[in-house]
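Down below is the structure, laid out as structure tokens.
Letters go in sequence order (proteins before strands), and every chain restarts at 1.
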Amino acid sequence: MSYQHKDIEQKWQDFWAKNATFKTGEDTSKPKFYALDMFPFPSGQGLHVGHPEGYTATDIVSRMKRSQGFNVLHPMGFDAFGLPTEQYAMKTGRFPADITKENVANFRKQMQTLGLSYDWDREVNTTDPKYYKWTQWIFEQLYKKGLAYEDKIMVNWAPDLMGGTVVANEEVIDGKTERGGFPVYRVPMRQWVLKITAYADRLIDDLEGLDWPESIKEQQRNWIGRSIGASVFFDVENAQDKIEVFTTRPDTLFGASYVVLSPEHALVDQIATDDNKDAIEAYRKEIASKSDLERTDLNKDKSGIFTGAYAINPVNGEKLPIWIADYVLASYGTGAIMAVPAHDTRDFEFAEKFDLTIKPVIEGGTNEEAYTGDGTHINSGFLDGMDKATAIATMIDWLEEHDRGHKQVNFRLRDWIFSRQRYWGEPIPVIHWEDGESTLVPEDQLPLELPYMEDIKPSGNGESPLANATEWLAVEDENGRKGLRETNTMPQWAGSSWYFLRYIDPTNDDAIAAPEKLNYWGNVDLYIGGQEHAVLHLLYARFWHKFLYDLGVVPTSEPFQKLVNQGMILGENHEKMSKSKGNVVNPDDIVNEYGADTLRMYEMFMGPLEQSIAWSEDGLSGSRRWLDRVWRMIVDEDGHLNANITTENDGTLTKSYHQTVKKVTNDFEGLRFNTAISQLMVFVNDAYKAEKLPLEYIKGFVQLLAPVAPHMGEELWQILGGTDTIAFVAWPTYDESQLVENEVEVVLQVNGKVRSKITVAADIAGDELEKLALADEAIQKQVADLTVRKVINIKGKLINIVAN
RNA sequence: GCCGUUGUGGCGGAAUUGGCAGACGCGCUGGACUCAAAAUCCAGUUCCUUCACGGGAGUGUGGGUUCGACCCCCACCGACGGCACCA
């Protein structure tokens, strides 16, 4: 009887569900392992063929760890708030919660057909009030610590997205919204903001100890963008004002030839001379109408205007003209710079265009371009003769001594804009009272539930649709004081910033999770997901986790010890899968036609987990053929155990078996699933050549296969005589002594080229081996006319004869 | 422009610490089985040259270190990803 994937997969999925096979063990005397997948947004499209790749990887490790005696926490949930559902709801006139429910049910069903060993009793859903009660609770703790505040700030306003909404910096790509590609403008607006910058140093420094891909760490470092330099204070001529600038090159202060303020800088109006004010106003108007895209990418040409005022260089008293220019950003540093055109590319361009002084203070440059490298300082008073590092340190000392500046660290990272003008998100639990006070919704009244609304169209004035929920909106306290609820909701990143903690104790109504459970499960041992979350989700989750650590809620300062990014699965034409290209593969179709085991096996075998690889229908069917081959190796035509599987062991498979156990175990541990599977194939090839198959080896082999192909694994285990699930059968072990050979093949080289091979006893003496090598016929031929200069002997492997 | 990742047969990929390049799979070729085909099983398959034995070349390119380099060093080229007027 051939392998019938539909019957067998259904049979074991039912068995696992009925017996709660994958319920998380809680016997704390056992070691733990927490294997986590990035939970998906349950879109209407259903599962993509890329999802099962990461899911299968954590599933294989989870299954192996269970067999190795670990308590395994391997949960799944849904990141279900978000814009696509809200847009779809408006289009169809339906309610977002209903759509979400359907999509989640579909996703769950699809995941179950893949045979993933999740503990479904621990499923979390960010839109469940019992869940977002704790998202709101965390927000309230942030508020109490002064880390959540309201501010009128320049935000990324996308008037064409959802009837007008604000997006985070991270959601702006090339001056357009990440979703939909709408233009983004910078306008001031009242927003909730989380002070992630308070954690900037720790977010950079703690990357050090994490087992994460270097590229992700680097992206986070770039995103946080720490730069170390100095603040320098410039007096303004004939005025009380001081201009504070930030520079990473205080050593070039003697070369400063002008000062630039960003057009939005607060001092501009005070210092500008009357005859320049009209021109300044015109310039500002011109800039305000530009989107970010036009201000940066589209316009590399420098623009600016003179204010009429002068600053005094603190180190030499020189008079420097003060300009405004949009190449200086209000949002970075102090929004003001000292310009050193001789040693800064941007200042150089500006100075060339407006004919400003260019004064070199470091040797080594030309007149053609700014010289930004190291060199000996000149024209720099007490810095003359020093190199860059020494000059920087010396100048900072001088500034501090004379009270003209100090060492300063700046970050590119901005505080996290935490409000969205949308309906489908967690309500921010704040009430604005008529007397001007704002208070939190008391903790014992959480969750503050999202009200049901017939119509969730945007209010049109930039406020969230919740502004129209009149009944929900109005509150009155015990003294009759009237107030209005905050109408902004949280961004999608809120719920995903802590969900991994909730799996630990998903139904706890009194806390995020019980402290003893948090202590037991600690941080996530293995976290697998897509690279697209490199800075967004992973940075926010680290920030919240560190905050919770400071509060004493969690025992670790980092949430994810080991992180792996699975690569993308591309279409058969090596392009990203997309409907418009018509190269999308639907996992449901594959499961139907080939079975979930084949899909799992193929996705693991196609290449390294981290690498992006093109889909191949041929490769897929090859995987199915191999599983059939395995089946035929063990099961005869009548569905019974093959007659050549016996308890006798003639030893022919011993070495191959022990090698296979060793390699597969190590490779699963190291997430090298493709090479683990190739070793399973090697064993099967060997087994087909053997006359008798020792039962013990076949059982071990099935155990090694089961994490990859769990349904087939269970079925074969049963045919081999197993009476219960294979999930907890102790993992096979190997015997190192079975791997050593008493005869080895030694490669013979002449001048580094392989000329012959001989088989010798493994413990042969070195000089005897060399004698044998030189006596070899092929070697004799090669060295006949040469003088042997040297013989290199790598024990048990290789002899290299150097001759000329 | 800067940073990171990466480059190996017709294709996906493998190669522990610097020691037989191409494991395993796909594809292709041949054989067995079959009336025949499919499926299956077995064998072969880097390129050039040779009837063959054999010889030569070969891991993006050019150089270097070494008895020996896919692996280490220098320079360059291509692909992918990120950042980008961040002072």
Return the polar atom pairs (N/O with N/O) between nucleotides 48-50 of chain B and the protein under 3.5 Å, or none.
none

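- A search for salt bridge (charged side-chain N to carboxylate O under 4.0 Å, His left out) contacts involving A:D201 returns A:R226, not counting sequence neighbours.
- In this structure A:E691 satisfies the salt bridge (charged side-chain N to carboxylate O under 4.0 Å, His left out) test with no other residue, sequence neighbours excluded.
- Atom-to-atom, CZ of A:R412 to C1' of B:rC85 comes out at 12 Å; the value is rounded to the nearest Å.
- Checking the phosphate oxygens (OP1, OP2) of B:rG25, no side-chain nitrogen or oxygen of A:R624 falls inside 4.0 Å.
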A:N573 vs A:N583, test: side chain to side chain donor-acceptor pair (under 3.5 Å). Steps then yes/no. CA-CA 8 Å; A:N573 57 355; A:N583 60 354; 3.0 Å; yes

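- B:rC72 and B:rU59 have their P atoms separated by 15 Å, given to the nearest Å.
- Nucleic acid contact for A:R625: sugar-phosphate only, since backbone atoms but no base atoms lie under 4.0 Å from a heavy atom of the residue.
- Aromatic ring orientation, A:H343 versus A:Y371: perpendicular (interplanar angle above 60°, classes split at 30° and 60°).
- Summarising the geometry, the separation between CD on A:Q219 and P on B:rG82 is reported as 7 Å, rounded to the nearest angstrom.
- Ranked by how close their nearest RNA chain B nucleotide is to the 5' end, A:D344 and A:Y688 are led by A:Y688.
- For A:H533 and B:rG82, the NE2 to P distance is 14 Å, given to the nearest whole Å.
- Scored by the ring-ring contact (aromatic ring centres under 6.0 Å, His included) test, A:Y199 finds A:F543 as partners (sequence neighbours excluded).
- Listed by chain and residue number, A:D415 satisfy the side-chain hydrogen bond (donor to acceptor under 3.5 Å, both in side chains) test with A:T197 (two or more places apart in sequence, or in another chain).
- Within 4.0 Å (heavy atoms only), A:K662 reaches no atom of the nucleic acid at all.
- Remark: aromatic rings of A:Y332 and A:F411 are distant, center separation not under 6.0 Å.
- Atom NZ of A:K217 and atom P of B:rG81 are 23 Å apart (whole Å).
- Using atom C1' as the reference point in both B:rG78 and B:rG62, the two lie 15 Å apart (nearest Å).
- Atom P of B:rC70 sits at a distance of 15 Å from the matching atom of B:rG64, rounded to the whole Å.
- The residue among A:N410 and A:S621 whose nearest nucleotide of RNA chain B lies closer to the 5′ end is A:S621.
- With C1' as the reference atom, B:rG10 and B:rG22 are 14 Å apart, rounded to whole Å.
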Distance-only criterion, 3.5 Å: show the donor-acceptor pairs between side-chain atoms of residues 673-680 of chain A and protein atoms not counting sequence neighbours.
{"unit_1": "A:T675", "atom_1": "OG1", "unit_2": "A:D667", "atom_2": "OD2", "d": "2.8"}
{"unit_1": "A:T675", "atom_1": "OG1", "unit_2": "A:R672", "atom_2": "O", "d": "3.1"}
{"unit_1": "A:S678", "atom_1": "OG", "unit_2": "A:T675", "atom_2": "O", "d": "3.0"}
{"unit_1": "A:Q679", "atom_1": "NE2", "unit_2": "A:T660", "atom_2": "OG1", "d": "3.1"}

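- B:rG7: glycosidic angle beyond 90° from 0, hence anti.
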Heavy-atom contacts, protein to nucleotides 8-21 of chain B, under 4.0 Å, summarised as B (base), S (sugar-phosphate only) or - (none) per nt, yield ----BSS----BB-

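- The pair A:D211-A:K562 counts as a salt bridge, with a side-chain nitrogen and a carboxylate oxygen less than 4.0 angstrom apart.
- Contact annotation for A:S227: backbone-only contact, meaning every heavy-atom pair under 4.0 Å involves sugar-phosphate atoms and none involves a base.
- Rounded to whole Å, the C1' atom of B:rA23 lies 10 Å from the corresponding atom of B:rG13.
- Residue pairs meeting the side-chain hydrogen bond (donor to acceptor under 3.5 Å, both in side chains) criterion with at least one member in residues 598-613 of chain A, sequence neighbours excluded, are A:D59-A:R600.
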Identify all side-chain donor-acceptor contacts of residues 681-688 of chain A below 3.5 Å with residues at least two apart in sequence or on another chain.
{"unit_1": "A:N685", "atom_1": "OD1", "unit_2": "A:R629", "atom_2": "NH2", "d": "3.0"}
{"unit_1": "A:D686", "atom_1": "OD2", "unit_2": "A:S656", "atom_2": "OG", "d": "2.7"}
{"unit_1": "A:Y688", "atom_1": "OH", "unit_2": "A:R629", "atom_2": "O", "d": "2.8"}

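- Using atom C1' as the reference point in both B:rC73 and B:rC2, the two lie 23 Å apart (nearest Å).
- In this structure, CG of A:N751 is placed 11 Å from P of B:rA69, rounded to the nearest angstrom.
- B:rU40 and B:rC33 have their C1' atoms separated by 9 Å, with the value rounded to a whole Å.
- Here B:rC26 presents its C1' atom at 13 Å from CD of A:E617, a figure rounded to the nearest Å.
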Here RNA chain B, pairs taken as Watson-Crick or G-U under 3.5 Å and shown with ( ), [ ] when crossing and | when to another strand, reads (((((((..(((......[....)))((((((.......))))))((((....))))..(((((..]....))))))))))))....

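- We find that NZ of A:K576 is positioned 19 Å from P of B:rA79, with the value rounded to whole Å.
- In this structure, the NE2 atom of A:H343 is 17 Å from the P atom of B:rA87, given to the nearest Å.
- More than 12 heavy atoms of other residues, nucleotides or ligands lie within 6.0 Å of NZ in A:K217, so this atom counts as buried by the packing criterion.
- Side chains of A:H5 and A:D597: a donor-acceptor N/O pair is absent below 3.5 angstrom, by distance only.
- Within 4.0 Å of A:N685, counting heavy atoms only, lie sugar-phosphate atoms of the nucleic acid but no base atom.
- Every residue two or more places apart in sequence or in another chain that forms a ring-ring contact (aromatic ring centres under 6.0 Å, His included) with A:H533 is listed here: A:H537.
- A distance of about 14 Å separates the P atoms of B:rA14 and B:rC24, rounded to the whole Å.
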Between the protein and nucleotides 2-4 of chain B, which nitrogen or oxygen pairs are less than 3.5 angstrom apart?
{"unit_1": "B:rC3", "atom_1": "O2'", "unit_2": "A:E218", "atom_2": "OE2", "d": "3.3"}

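- Ring-centre distance between A:F701 and A:Y657: not below the 6.0 Å cut-off.
- Taking 4.0 angstrom as the limit, A:R629 places none of its side-chain polar atoms (N or O) nearer than this to OP1 or OP2 of B:rA39.
- Relative to the six-membered ring of A:W223, A:R542 misses at least one condition, a distance below 6.0 Å or an angle of at most 45° to the axis.
- Residue-level contact check: A:R226 touches neither bases nor backbone, having no heavy atom under 4.0 Å from any strand.
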